[in-house]
Amino acid sequence: GQNIDQPTEMTATEGAIVQINCTYQTSGFNGLFWYQQHAGEAPTFLSYNVLDGLEEKGRFSSFLSRSKGYSYLLLKELQMKDSASYLCAFIRRADYKLSFGAGTTVTVRA
Amino acid sequence: DGGITQSPKYLFRKEGQNVTLSCEQNLNHDAMYWYRQDPGQGLRLIYYSQIVNDFQKGDIAEGYSVSREKKESFPLTVTSAQKNPTAFYLCASSWTGGSNEQFFGPGTRLTVL
């Protein structure tokens, strides 16, 4: 079977750093996506990791360990507009379908 | 501007009625997808299509139907057989292949009265 887990909620202060962890179990893993979704809106793409290691894009970085079935999204210098749900999703090699976690709601406080 | 559109944004229907949600993309993507999102849950795949005139059931296809007569369009019909249709419905498209991100439309919020 397949499974993907991430924390339900996280709260942090403006300017701080938050790390959102994601663990997954699947056969035929091909890669891992992170999406940001503001309430009532469409998810927007943040990152895609295929190989092990850290990928940095400005204030956001994403890490993948294929052997551990583990990823994290790191949000630095938090801003109020970063308050959103962050969705972790893996893609399978067999059919290229995405399987999503339930999402982590991040609340940034002043 | 290239993009993916869904209409309407909000939709109300009476119990027992079928309703069709529209999804159009002008990104020239081959693959299109329909997801359902409920509070506190991740996106769940309803149907997907990787080429015109072909589509496959996702994880929760019961009570739904789709068609893919044109590359640009992938309408979803929520039938009266769907027991709990009130949800946020998201359409997405992508190139075929494993590393290509899915682009999402703005979503349709369906409420059954």
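Residue numbers start from 1 in every chain, and the chains themselves are labelled A, B, ... in the order their sequence lines are given, proteins ahead of strands.
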*Can you name the residues of residues 101-110 of chain A that have some heavy atom under 4.5 Å away from a heavy atom in chain B?*
A:Gly101, A:Ala102
*Distance from B:Leu45 atom CG to A:Ser99 atom OG, nearest 0.5 Å?*
8.0 Å
With the 4.5 Å side-chain cut-off for hydrophobic clustering, are [X] and [Y] part of the same group?
{"X": "A:Leu87", "Y": "A:Tyr72", "value": "no"}
{"X": "B:Leu76", "Y": "B:Phe88", "value": "no"}
{"X": "B:Tyr89", "Y": "B:Tyr48", "value": "no"}
{"X": "A:Leu74", "Y": "A:Phe33", "value": "no"}
{"X": "B:Phe74", "Y": "B:Leu27", "value": "no"}

[atom1]/[X]: more than 12 non-hydrogen atoms of other groups inside 6.0 Å:
{"X": "B:Gln17", "atom1": "CD", "value": "yes"}
{"X": "B:Ile51", "atom1": "CD1", "value": "no"}
{"X": "B:Lys9", "atom1": "NZ", "value": "yes"}

*What is the minimum heavy-atom distance between B:Phe104 and A:Ala42, and which atoms define it?*
CB-CB, 3.8 Å
*Taking side chain as C-beta onward, heavy atoms only, is B:Gln56 less than 4.5 Å from A:Lys97?*
no
*Proximity breakdown for A:Gln37 and chain B, heavy-atom pairs closer than 4.5 Å*: side chain
Go through the atoms of [X] and report whether side chain, backbone, both or neither lie under 4.5 Å from a heavy atom of chain A.
{"X": "B:Gln37", "result": "side chain"}
{"X": "B:Arg109", "result": "side chain"}
{"X": "B:Leu43", "result": "both"}

*Please lay out, stage by stage, how B:Leu90 and A:Glu41 fare under the test side-chain contact (heavy atoms from CB on, under 4.5 Å).*
CA-CA 9 Å; B:Leu90 286 159; A:Glu41 297 183 9; over 6 Å; no
_Could you walk me through whether A:Tyr48 and B:Glu101 satisfy the side-chain contact (heavy atoms from CB on, under 4.5 Å) test, starting with their C-alpha distance in whole Å, then the side-chain angles of each, then the deciding distance to 0.1 Å, before giving a yes or no?_
CA-CA 8 Å; A:Tyr48 178 63; B:Glu101 68 179 273; over 6 Å; no
_Tell me if the centroids of the rings in B:Tyr35 and A:Phe100 come within less than 6.0 Å of each other._
yes
*Given the side-chain rings of A:Phe45 and B:Phe103, with only the six-membered ring counted for Trp, is the space between their centroids under 6.0 Å?*
no
*For chain B, find which of A:Cys88, A:Gly31, A:Pro43 contributes the most heavy-atom pairs closer than 4.5 angstrom.*
A:Pro43
*Is it true that a side-chain atom of B:Tyr33 and a backbone atom of A:Leu98 form a donor plus acceptor pair closer than 3.5 Å?*
no
